[in-house]
Every structure is written in structure tokens, then in C-alpha cells.
**Student:** 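Please read through the structure below; I'll follow up with questions.
All figures in this text were calculated on a predicted structure; none of them were measured in a lab. Each residue takes its place number in the sequence, starting with 1. Counting starts at 1 for both ligands and their atoms, following the listed order.
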Amino acid sequence: MDSLYSSSSAIISLKSPGSDSSSVSRNSFTCFSGSGHKVGSSGVVMDRKAKIVEGDNGYVLEDVPHFSDYIPNLPTYPNPLQDNPAYSVVKQYFVNMDDTVAQKIIGHKNSPRGIHFRRAGPRQRVYFEAEDVHACIVTCGGLCPGLNTVIREIVCGLHHMYGVKKVSGIVGGYKGFYSRNIIPLTPKSVNDIHKRGGTILGTSRGGHDKSKIVDSIKDRGINQVYIIGGDGTQKGASVIYEEIKRRGLKVVVAGIPKTIDNDIPVIDKSFGFDSAVEEAQRAINAAHVESESFENCIGVVKVMGRYSGFIAMYATLASRDVDCCLIPESPFYLEGPGGLFEYIEKRLKENGHMVIVIAEGAGQELLSESISSMDKQDASGNKLLQDVGLWISQKIKDHFSKKSKMAINLKYIDPTYMIRAIPSNGSDNVYCTLLAQSAVHGAMAGYTGFIVGPVNGRHSYIPFHRITEEQHQVVITDRMWARLLSSTHQPSFLSTKDVIEDKRDEEVQQEHCSDNNLVNKEISYTCN
Ligand SMILES: Nc1ncnc2c1ncn2[C@@H]1O[C@H](COP(=O)(O)OP(=O)(O)OP(=O)(O)O)[C@@H](O)[C@H]1O
Ligand SMILES: O=P(O)(O)OC[C@H]1O[C@](O)(CO)[C@@H](O)[C@@H]1O
Ligand SMILES: [Mg+2]
């Protein structure tokens with residue numbers, strides 16, 4: 001606990017309200033004071049999405065909403081943690097109101113201080129009395145190791161730290177708000193759920209009906225909503241927050257980002273990711289053992305990663321048995337010089353076996369060339385992908401049986417749901433606890449419309465729009481991908497493909513030129 005909330009170089013204090021910070025208007029419609037809670041003074045500017053505080057030397061705080069932004073004169077209460085014997089030993093347990101966390105911690109002498117987020121943690125004063133709180137928890141989207149741990153720690157955190165007794169579970173995702181009965185959650189009922197995979201509440205895709213959900217929240221007297229889910233879920237949470245604010249309700253909406261794909265931006269890493277990478281090792285090991293045992297054998301492992309190949313990349317880096325890792329961010333091609341088939345042939349000749357790890361979203365453009373595109377979506381509107389693992393396995397088999405004289409063996413392993421359905425490992429459990437507790441502290445302090453997550457190791461409150469507007473992806477020009485390329489020795493595909501494409505473009509242009517010269521010599525092209 002100490003390290004979570006203790007000060008560090010990445011945490012910087014805001015200038016006090018009404019200080020000389022410059023006030024910049026970006027589509028602004030409401031101004032708040034430097035503390036972010038009082039309407040009317042300069043220093044903080046809120047546009048339709050962002051609540052921005054600007055300070056000296058390029059300091060920017062991307063703040064999160066607070067009840068007092070839209071409900072005036074709310075009473076506050078001393079934080080009951082001040083009397084909690086477990087926490088009384090902690091020096092400076094309460095977070096300074098103005099502590100913020102820097103998004104970028106590498107700077108230069110003259111570089112601006114840049115974007116900051118509000119530091120998560122317990123505040124001296126809270127906006128709820130324990131007996132008035134009715135909290136609820138919902139899980140949406142796909143499964144992820146650690147969901148149950150987050151549920152457990154929200155229930156226990158509310159109960160043990162703030163004395164909150166009334167916590168309900170929403171069953172089956174967003175649609176559960178209006179189509180199912182809620183279930184009571186107590187420290188006793190959630191006591192050992194962290195040892196189980198999945199979510200005890202159930203989950204779903206689709207079914208986000210803003211009005212019905214907010215009606216249900218209001219009718220049930222719920223005033224803290226904890227929403228655990230991925231990018232789609234947090235978009236839905238943001239819509240719920242806006243509707244709650246429009247209706248002027250004193251209801252917190254707090255998001256806990258969940259994605260096994262690790263595709264949420266801004267935060268360091270999403271929970272369950274480490275567990276998933278660890279579990280993926282088991283499949284890769286199996287592929288390695290199989291491939292080593294047969295002549296010219298290729299082990300192919302497909303892992304999750306719709307748009308981001310983090311699981312594939314980290315599992316590959318961790319394993320050291322992988323010869324080729326294919327991810328959505330790095331286009332590849334099969335035939336010709338520098339292509340995958342050429343590399344496989346070379347590797348088999350050198351080593352007699354090889355392991356390929358492929359993320360489910362890799363090579364989708366190649367698949368749609370050879371299989372007519374289904375263009376189907378799931379209930380949330382996510383594109384349903386074709387099975388790249390089966391496709392690539394078939395392509396490799398076809399190539400070696402028809403075009404190459406080399407006889408090969410191929411073992412295809414698809415551990416997709418096995419990786420996702422496990423309980424979280426030890427380090428993810430601790431991480432889930434910190435996420436849950438940070439969310440509880442933020443809610444009790446009256447912050448709303450935020451997601452919680454570590455930024456450079458410090459837990460922070462981040463506005464929804466920062467994580468719903470972009471996607472975290474592997475940057476193939478970064479060092480991590482270079483490390484992978486140097487560990488697998490696979491081709492980078494990119495450069496050769498570019499060369500081929502450039503060549504093709506040149507040829508087309510040449511053809512174009514000569515055709516036109518023949519047909520109509522009056523039209524002049526630049527043919528270099
Ligand atoms: N733009 C949106 N507005 C409102 N609700 C949304 C939006 N996008 C998704 N949702 C809702 O959020 C829930 C979860 O979305 P989705 O199925 O895309 O999973 P996710 O949260 O992105 O998690 P995963 O990482 O498993 O994909 C669904 O109930 C869906 O209806
Ligand atoms: O089969 P489901 O449950 O829709 O989930 C599959 C999707 O979930 C994810 O793991 C994201 O949670 C994606 O990688 C994957 O495409
Ligand atoms: Mg998603």
C-alpha cells in the first residue's frame with residue numbers, strides 16, 4: 001500500500017486554485033476552479049470531452065469529472081480510514097488533493113512538462129456516508145483472468161475500508177441491469193472467488209440500452225456503479241455517465257479496464273495480461289515438444305489479439321522457442337523472396353523443426369483475399385474474424401505438398417479460451433486488488449466518469465475519452481518488436497514487401513506511360 005500512494009518523481013503537485021495558470025479555451029462550455037470542483041474561476045477548462053487544467057511550463061492535467069461539477073453544495077464527511085488501525089501506521093496515507101501523475105516520464109532539459117492525470121488513492125474527505133451507499137458491479141465483454149479478483153476486492157474494499165454493506169452484482173453484463181435480478185455480494189460470498197476463472201456475475205456482449213440501464217440504477221437506488229470491461233464496455237460506461245450527469249443524479253460511474261489483448265491505451269498494462277502470457281507458454285511448450293519430436297515439423301499456436309499482438313509478442317519473447325511471431329500490426333506475406341514459406345523452408349533445413357505463434361488478428365487482409373469475407377459482427381458490433389490459425393496451417397501444408405519437395409508435419413494448437421478462462425496469477429491478483437481499491441477510493445471521494453489504472457507505475461484516474469478514442473497497439477518501429485525480431489530471426493516482411501510494392505507501382509506507372517504514349521502522345525506523364 002505504501003508504495004502505491006507514496007510520492008515519486010512522476011507525481012507532481014498542481015498549482016493551487018486561482019493561481020497564475022493560463023486558461024485556454026478549447027470548445028469550452030464550462031469553467032472550473034483549479035481544484036476542479038467549483039464552477040466559475042479560471043485555470044480549468046472543460047470542453048465537451050476533456051476537463052483540462054493548464055499550469056506552468058507546458059503542464060497539463062487531464063482531469064476527471066467530480067460530483068461537484070454538476071451538483072452544488074454536497075456535504076462531505078471525514079474519511080473513515082483515518083480511524084482504521086490497519087492503515088494508521090502508514091505515513092501520509094491520504095493522497096494530496098493536488099497530486100498528479102505524469103504520462104511521460106522521459107523528458108529533456110527544455111521539454112514541456114506535458115500531460116498528467118489525477119493520482120488515485122484515498123482522500124481526507126468523502127462524499128458518501130457508509131450507510132447511504134448502494135454499490136453495484138457489472139462485468140461485460142470477453143473473459144479475462146482476474147475478473148473475480150476485481151469483484152472480490154471491490155466488495156471487500158468497500159466493506160473493510162469504508163464500512164459499506166450494500167453491494168449488488170449485476171448478472172450477465174449490461175443487459176442484466178434491466179433484464180435480470182441483482183444479487184447481493186458480501187465479503188463472505190466473494191471470499192474465495194479469486195481462485196476461479198471467469199466471472200461469478202456472468203458477462204455478455206451487446207444489450208447496452210442507456211435509458212433502461214440508468215432507469216434501473218435510479219429505481220434500485222444504486223449510487224456507485226463499478227463497470228469492469230474492455231474498450232467497448234468503457235464506451236458504454238461513458239454513455240451511462242453522461243446520462244447520469246444529464247439527469248443530475250449523485251451516482252458514481254467508475255470503470256476498471258479489462259482486456260486480455262492489452263489494447264487499452266494510457267495505462268501501463270491491463271490486468272490478466274501477465275496470466276495470459278504465462279498460460280500461453282504452456283501451449284508454446286507443447287508445440288515445441290511436438291515439433292522437436294517429428295521430422296520437419298512445424299508447431300503452430302494461435303493466441304488472442306484481435307487488433308493488438310501483445311500476447312503473441314510477449315509469449316514469444318518469454319518462450320525463446322518461437323521461430324516466427326505474426327501479429328496484426330506487422331503485415332506479412334507468404335510467397336516469394338523474404339516471404340513466410342521461404343523462411344519456413346530455411347528454418348526446417350537448419351533446425352529440423354520450428355514454432356510459429358500467430359495472433360488471431362494477424363494477416364486478416366490475406367485471408368479475405370482467399371476466403372470471401374464474411375463481414376459478420378458480434379452482438380457488440382466487433383468484426384468476427386476468420387480463423388487465421390486454421391488458414392495458415394492449411395496454406396503451409398498446401399505449399400509444401402504442392403510446391404516444395406520437402407515433406408513436413410504440422411501440429412496446430414489453438415489454446416484461445418484456455419488462456420482466457422484461467423484464474424489470475426499472483427502478480428495479477430495483487431494488481432487487481434490495487435485497481436479495485438483505487439476505484440473505491442475515487443468513488444468515495446466523489447470522482448466519477450473515470451477509469452482507473454497505473455500510469456508509469458502510479459495508479460491514476462483517467463477520463464473515459466482518453467482510453468476509448470484510441471487503441472494500444474504494438475509499435476513495430478519500437479525496440480520491443482526489434483528485440484523480438486532479433487530473438488526469432490524471422491524476416492521483418494515489411495521492407496521487402498515495400499520494395500516489391502514500390503517496384504510494382506513503378507511497373508504500373510511505366511506501363512501507363514507507354515500505353516498512353518502509344519494511344520495519345522499528347523498526354524504527358526512524368527516517367528523517371
Ligand atoms: N460504443 C458503444 N456504446 C455503448 N455501449 C457499447 C459500445 N461499444 C460496446 N458497448 C457495449 O459494451 C459491452 C462490451 O463491449 P464488447 O463486447 O465490445 O467488449 P469489450 O468491453 O470491448 O471487451 P473485449 O476486450 O472482450 O472485447 C457490450 O454490452 C456492448 O453493447
Ligand atoms: O469469442 P468471444 O467471447 O467473443 O471473444 C473473442 C474475443 O475476445 C477477445 O479476447 C477480447 O476480449 C479478443 O481477442 C477475441 O477476439
Ligand atoms: Mg473490445
**Student:** With a 4.0 Å cut-off on heavy atoms, is Gly305 touching ligand 2?
**Tutor:**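 A heavy atom of Gly305 does come that close to ligand 2.
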
**Student:** Apply side-chain contact (heavy atoms from CB on, under 4.5 Å) to residues Trp481 and Val475 and explain how you reach the verdict.
**Tutor:** CA-CA 7 Å; Trp481 187 245; Val475 179; over 6 Å; no

**Student:** Would you mind reporting whether Pro423 and Asn148 have side-chain heavy atoms less than 4.5 Å apart?
**Tutor:** no

**Student:** Give me the residue, atom name and distance of the protein heavy atom closest to atom 26 (O) of ligand 1.
**Tutor:** Gly142 N, 2.7 Å

**Student:** Could you list the atoms of ligand 2 found under 4.0 angstrom from a heavy atom of Ile260?
**Tutor:**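 Going through ligand 2 atom by atom, the ones under 4.0 Å from Ile260 are 10 (O).
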
**Student:** So does Asn191 get a backbone contact from the side chain of Arg152, meaning a donor-acceptor N/O pair under 3.5 Å?
**Tutor:**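 Yes, because the side chain of Arg152 sits within donor-acceptor range (under 3.5 Å) of the backbone of Asn191.
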
**Student:** Consider ligand 2: state whether an atom of it lies below 4.0 angstrom from any non-hydrogen atom of Thr259.
**Tutor:** no

**Student:** Quick one: nearest non-hydrogen protein atom to atom 22 (O) of ligand 1, plus distance?
**Tutor:**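 Among all protein heavy atoms, the one nearest atom 22 (O) of ligand 1 is Asp231 OD1, 2.5 Å.
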
**Student:** Listing by chain and number, what protein N/O/S atoms are under 2.8 Å from the Mg ion (ligand 3)?
**Tutor:** Asp231 OD1

**Student:** If you have a sec, work out which protein heavy atom is nearest atom 11 (C) of ligand 2 and how many Å separate them, to one decimal?
**Tutor:** Asp261 OD2, 3.7 Å

**Student:** By the definition side-chain contact (heavy atoms from CB on, under 4.5 Å), identify the one residue from Asp63, Val60, Ile115 that meets it with Ile52.
**Tutor:** Val60

**Student:** Closer than 3.5 angstrom, by distance alone: can the side chain of Thr203 be matched with the main-chain N or O of Thr139 as a donor-acceptor pair?
**Tutor:** yes

**Student:** Quick check: Gly230 and ligand 1, any N/O pair under 3.5 Å apart?
**Tutor:**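 Min N/O separation from ligand 1 is below 3.5 Å for Gly230.
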
**Student:** Taking distance alone, with no angle check, do Gly229 and ligand 1 share an N/O pair under 3.5 Å?
**Tutor:**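 In this structure, Gly229 places no N or O atom under 3.5 Å from an N or O of ligand 1.
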
**Student:** Considering only non-hydrogen protein atoms, determine which one is nearest to atom 4 (C) of ligand 1 and report residue, atom name and distance to 0.1 Å.
**Tutor:** Gly236 CA, 3.5 Å

**Student:** Which atoms from ligand 1 have a heavy atom of Arg306 less than 4.0 Å away?
**Tutor:**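 Those of ligand 1 that fall under 4.0 Å from Arg306 are 27 (O).
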
**Student:** Does Phe128, at its CZ atom, have more than 12 non-hydrogen atoms belonging to other residues, nucleotides or ligands within less than 6.0 Å?
**Tutor:**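 Yes - once you tally the heavy atoms of other residues, nucleotides and ligands closer than 6.0 Å, there are more than 12.
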
**Student:** Under the side chain to side chain donor-acceptor pair (under 3.5 Å) rule, what do His134 and Ser168 come out as? Steps first, then yes or no, please.
**Tutor:** CA-CA 8 Å; His134 181 184; Ser168 300; 2.7 Å; yes

**Student:** How many angstroms lie between atom CD of Gln490 and atom CZ of Phe332, to the nearest 0.5 angstrom?
**Tutor:** 10.5 Å

**Student:** Would you indicate whether Asn181, at its atom CG, is surrounded by more than 12 heavy atoms from other residues, nucleotides or ligands within a distance under 6.0 Å?
**Tutor:**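 Count not over threshold, so no.
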
**Student:** Which atoms of ligand 2 have any heavy atom of Arg205 under 4.0 Å away?
**Tutor:** 2 (P), 3 (O), 4 (O), 5 (O), 6 (C), 7 (C), 8 (O)

**Student:** Counting non-hydrogen protein atoms only, what is the nearest one to atom 7 (C) of ligand 2? Give residue, atom name and distance.
**Tutor:** Arg306 NH2, 3.3 Å

**Student:** With sequence neighbours excluded, tell me which residues meet side-chain contact (heavy atoms from CB on, under 4.5 Å) with Arg220.
**Tutor:** Ile182, Ser216, Ile222

**Student:** Would you mind checking which non-hydrogen protein atom is closest to atom 8 (O) of ligand 2, with the distance to 0.1 Å?
**Tutor:**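 Checked against all protein heavy atoms, atom 8 (O) of ligand 2 sits closest to Arg420 NH1, 3.0 Å.
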
**Student:** Indicate yes or no for a side-chain donor-acceptor contact from Tyr431 to the backbone of Gly146 under 3.5 Å, with no hydrogens or angles considered.
**Tutor:** no

**Student:** List ligand 2 atoms under 4.0 Å from Glu360, heavy atoms only on the residue side.
**Tutor:**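 Those qualifying, in numeric order: 13 (C), 14 (O), 15 (C), 16 (O).
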
**Student:** So which protein heavy atom does atom 10 (O) of ligand 2 come closest to, and at what separation?
**Tutor:**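 For this ligand atom, the closest protein heavy atom is Met304 SD, 2.7 Å.
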
**Student:** Any idea which protein heavy atom is nearest atom 2 (C) of ligand 1, and the distance to it?
**Tutor:**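 Here the closest protein heavy atom is Lys235 CB, 3.7 Å.
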
**Student:** In terms of side-chain geometry, is the basic nitrogen of Asp428 or Lys269 positioned less than 4.0 Å from the acidic oxygen of its partner?
**Tutor:**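 Salt bridge: no.
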
**Student:** Would you find a donor on one side and an acceptor on the other, under 3.5 Å apart, between the side chain of Asn456 and the backbone of Ala102?
**Tutor:** yes

**Student:** Looking at Gly232, which atoms of ligand 1 are within less than 4.0 Å of one of its heavy atoms?
**Tutor:**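 Those of ligand 1 that fall under 4.0 Å from Gly232 are 6 (C), 7 (C), 8 (N), 9 (C), 10 (N), 11 (C), 12 (O), 15 (O), 18 (O), 20 (P), 21 (O), 22 (O).
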
**Student:** If the contact criterion is a heavy-atom separation under 4.0 Å, does Lys258 count as touching ligand 1?
**Tutor:** yes

**Student:** Is a side-chain donor or acceptor of Gln364 paired with a backbone partner of Gln386 at a separation under 3.5 angstrom?
**Tutor:**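 Such a contact is found between Gln364 side chain and Gln386 backbone.
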
**Student:** Within the structure, does Ser380 bring an N/O atom to less than 3.5 angstrom of an N/O atom in ligand 1?
**Tutor:** yes

**Student:** Does Asp378 reach ligand 2, in the sense of a heavy atom lying below 4.0 Å from it?
**Tutor:** no

**Student:** Checking Arg180 side chain against Phe177 main chain: does a donor-acceptor pair fall under 3.5 Å?
**Tutor:** no

**Student:** Considering the heavy atoms of Tyr417, write down every atom of ligand 2 situated less than 4.0 Å from one of them.
**Tutor:**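 Counting atoms of ligand 2 from 1, those under 4.0 Å from Tyr417 are 1 (O), 2 (P).
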
**Student:** Assess whether side chain to side chain donor-acceptor pair (under 3.5 Å) is satisfied between Asn285 and Gln281, documenting all intermediate values.
**Tutor:** CA-CA 6 Å; Asn285 279 344; Gln281 301 298 296; 5.9 Å; no

**Student:** Check the pair Thr416 / Glu360 against side-chain contact (heavy atoms from CB on, under 4.5 Å), numbers first and verdict last.
**Tutor:** CA-CA 9 Å; Thr416 307; Glu360 62 176 327; 5.6 Å; no

**Student:** Which residue supplies the protein heavy atom nearest to atom 29 (O) of ligand 1, what is that atom called, and how far is it?
**Tutor:**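 Residue, atom and distance for the closest contact: Gly206 O, 2.7 Å.
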
**Student:** Using a 4.0 Å cut-off to any heavy atom of Asn382, which atoms of ligand 1 qualify?
**Tutor:**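 In order of numbering, the contacting atoms are 16 (P), 17 (O), 18 (O).
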
**Student:** NE2/His353 to NZ/Lys411 distance, rounded to the nearest 0.5 angstrom?
**Tutor:**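 Between atom NE2 of His353 and atom NZ of Lys411 there are 14.0 Å.
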
**Student:** Under 4.0 Å between a side-chain nitrogen and a carboxylate oxygen: does that hold for Asp263 and Arg306?
**Tutor:**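 Salt bridge: no.
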
**Student:** For atom 19 (O) of ligand 1, grab the closest protein heavy atom and report residue, atom and distance to one decimal in Å.
**Tutor:** Arg205 NH1, 3.2 Å

**Student:** Among Asn262, Val138, Val239, Thr233, whose heavy atom sits nearest atom 21 (O) of ligand 1?
**Tutor:** Thr233

**Student:** Give a yes/no on ligand 1: does Gly173 have at least one heavy atom closer than 4.0 angstrom to it?
**Tutor:**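 Distance cut 4.0 Å: Gly173 fails for ligand 1.
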
